[in-house]
Amino acid sequence: MEIEEVGGMKDNAAAAPPVPTVQPKAATPKAPVEKPSVPKPIATGAANEVTSPLPGTILNVVVKEGQSVQANDLVMIVEAMKMENEIVAPVNGTINGIHVKKGDSVQAGDLLFTLV
């Protein structure tokens with residue numbers, strides 16, 4: 001009995017077209033997007049300046065510049081640790097400047113508004 005090899009592995013491998021390999025594309029590092037630096041107003045310690053008592057986010061500004069307020073009138077709301085903190089006018093006066101807007105992040109001691 002004779003055994004004849006027909007179409008062996010070596011012949012099939014050589015005849016098959018090469019399978020293209022796909023190289024994964026190297027991730028191109030993206031440069032971080034830098035926001036333009038806008039200096040925050042700095043509290044000077046004047047009696048007419050009201051600063052944030054804690055770090056948080058401005059949820060709402062209730063008054064406008066030039067508006068008269070009485071002591072304990074609500075001026076804005078700061079959210080900190082999912083709690084809403086009411087910031088009120090400490091004395092009677094007129095809002096001279098509002099230094100934050102809705103959505104701003106503030107740190108303790110950041111200037112919020114000034115009164116005259």
Side-chain angles (χ1 to χ4, degrees):
M1 180 187 243
E2 286 185 37
I3 298 177
E4 183 178 356
E5 187 176 31
V6 179
M9 293 294 279
K10 288 182 185 176
D11 293 330
N12 284 344
V19 176
T21 58
V22 178
Q23 297 285 335
K25 200 174 199 180
T28 306
K30 292 183 179 181
V33 177
E34 293 185 25
K35 292 182 178 179
S37 179
V38 177
K40 287 188 176 180
I42 298 173
T44 62
N48 65 338
E49 295 178 335
V50 178
T51 59
S52 179
L54 66 169
T57 303
I58 304 297
L59 279 186
N60 196 8
V61 178
V62 181
V63 298
K64 297 188 182 310
E65 287 186 17
Q67 182 175 335
S68 293
V69 292
Q70 300 296 312
N72 298 317
D73 280 354
L74 178 64
V75 176
M76 61 183 63
I77 300 172
V78 176
E79 179 187 43
M81 297 174 47
K82 299 195 180 201
M83 300 214 31
E84 294 182 6
N85 300 278
E86 294 183 344
I87 308 298
V88 297
V91 294
N92 297 346
T94 301
I95 301 293
N96 187 38
I98 298 175
H99 304 286
V100 294
K101 64 184 181 313
K102 184 177 179 177
D104 282 354
S105 292
V106 294
Q107 297 299 316
D110 283 356
L111 182 59
L112 300 177
F113 62 96
T114 52
L115 292 164
V116 288

Margin query: Within the 4.5 Å heavy-atom criterion, are Ser52 and Asn85 side-chain neighbours or not?
Written below: no
Check: Which distance, rounded to the nearest 0.5 Å, do you find between the CG of Asn72 and the CG of Asn92?
Finding: 9.0 Å
Next item on the list: Please name the pair of heavy atoms, one in Ala89 and one in Val75, separated by the smallest distance, quoted to 0.1 Å.
Entry: N-CG2, 3.6 Å
Item checked: Euclidean distance, Leu115 CG relative to Asn96 CG, rounded to 0.5 Å -> 8.0 Å
Check: Given side chains that start at C-beta, do those of Leu54 and Met81 come closer than 4.5 Å, heavy atoms only?
Finding: no
Notebook entry, point to check: Which heavy atom of Ile87 sits nearest a heavy atom of Pro53, and at what distance?
Noted result: CD1-CD, 3.7 Å
Check: To the nearest 0.5 Å, what is the distance between CD (Glu49) and OG1 (Thr114)?
Finding: 7.0 Å
Next item on the list: Please tell me if the side chains of Pro55 and Asp110 come closer than 4.5 Å, counting only heavy atoms from C-beta onward.
Entry: no
Next item on the list: Output the distance between atom CD (Glu79) and atom CD1 (Ile58), rounded to the nearest 0.5 Å.
Entry: 10.5 Å
Item checked: Check: Val116 main-chain N/O paired with Asn48 side-chain donor or acceptor under 3.5 Å -> no
Item checked: Minimal non-hydrogen separation, Thr94 against Gly66, with atom names -> CG2-O, 3.4 Å
Check: What closest approach, in Å, do Pro90 and Ala71 show between heavy atoms, and which atom pair accounts for it?
Finding: O-CB, 3.9 Å
Notebook entry, point to check: When hydrophobic residues are tied together by side-chain contacts of less than 4.5 Å, even through go-betweens, does Val69 share a cluster with Val91?
Noted result: yes
Next item on the list: Rounded to the nearest 0.5 Å, what's the gap from CG on Asn60 to CD on Glu86? Could you check?
Entry: 10.5 Å
Note to self: Working to the nearest 0.5 angstrom, can you tell me the gap between Leu112 CG and His99 NE2?
What the structure shows: 9.0 Å
Next item on the list: Test Phe113 against every option in Ile95, Val63, Val100 by the side chain to side chain contact (heavy atoms under 4.5 Å, CB included) rule and name the one that passes.
Entry: Ile95
Check: With Ile77, which residues qualify under side-chain contact (heavy atoms from CB on, under 4.5 Å), at least two apart?
Finding: Leu59, Leu74, Glu84
